[in-house]
Amino acid sequence: MIGEPHFTDFRIFSMRRENDTSGVSGTGYVLHGIIFPDGKCCVQWVCPPNPGDMQVRESFDKFLLIHVISHPDNNTIIEFQNGEKWLYK
């Protein structure tokens with residue numbers, strides 16, 4: 001059947017920041033997200049100013065560019081459900 005989900009193709013992750021150079025979202029765990037099989041990425045912020053706010057990006061790379069790579073001094077850690085960790089400094 002077309003469009004049938006393959007649950008092993010979903011990637012669940014959390015994002016933790018050691019620093020917050022913008023002063024907006026704070027430090028610690030600031031969001032949780034999922035990468036869908038088609039590559040789209042949905043995140044839910046768990047920190048002020050808008051806890052519960054959700055965003056969808058066309059790709060995980062686009063999410064990384066906007067919220068991680070553009071803030072190198074935040075020392076961001078992406079932690080995947082399988083225990084894999086990506087550190088951005």
Sequence neighbours left out, what pairs pass salt bridge (Lys or Arg N to Asp or Glu O under 4.0 Å) with at least one residue falling in residues 39-52? Asp38-Lys40

Name the one of Leu65, Leu64, Ile66 that satisfies side chain to side chain contact (heavy atoms under 4.5 Å, CB included) with Val68? Leu64

Pairing residues for His67 by the ring pair (Phe, Tyr, Trp, His ring centres under 6.0 Å) criterion, not counting sequence neighbours: Trp45, Phe63

What's the spacing between Asp61 CG and Ile69 CD1 if we round to 0.5 Å? 7.5 Å

What distance do Glu58 atom CD and Cys41 atom SG have between them, rounded to the nearest 0.5 Å? 11.0 Å

Checking Asn50 now: which residues fulfil side chain to side chain contact (heavy atoms under 4.5 Å, CB included) with it, not counting sequence neighbours? Asp53

Roughly how far, to the nearest 0.5 Å, is the NE2 atom of His71 from the OG1 atom of Thr76? 8.0 Å

Determine, using the 4.5 Å side-chain heavy-atom cutoff (strictly less than), whether Phe60 and Phe10 are members of one ILVMFWY cluster. no

Any residue meeting side-chain hydrogen bond (donor to acceptor under 3.5 Å, both in side chains) with Lys62, in chain and number order, not counting sequence neighbours: none

Between Ser22 and Asp20, is the side-chain contact (heavy atoms from CB on, under 4.5 Å) condition met? List the steps. CA-CA 6 Å; Ser22 68; Asp20 178 19; 3.1 Å; yes

Donor-acceptor pairs under 3.5 angstrom involving side-chain atoms of residues 80-89: please list them, not counting sequence neighbours.
unit_1: Asn82; atom_1: OD1; unit_2: Glu84; atom_2: N; d: 2.9
unit_1: Glu84; atom_1: OE1; unit_2: Arg11; atom_2: NH2; d: 2.8
unit_1: Glu84; atom_1: OE2; unit_2: Trp86; atom_2: NE1; d: 2.7

Please set out all donor-acceptor pairs under 3.5 angstrom arising from side-chain atoms of residues 24-34, sequence neighbours excluded.
unit_1: Ser25; atom_1: OG; unit_2: Arg17; atom_2: NH1; d: 2.4
unit_1: Tyr29; atom_1: OH; unit_2: Glu79; atom_2: OE1; d: 2.8
unit_1: Tyr29; atom_1: OH; unit_2: Glu79; atom_2: OE2; d: 3.3
unit_1: His32; atom_1: ND1; unit_2: Ser14; atom_2: OG; d: 2.7

Please enumerate all residues that pass side-chain hydrogen bond (donor to acceptor under 3.5 Å, both in side chains) together with Thr21, with sequence neighbours excluded. Asn74

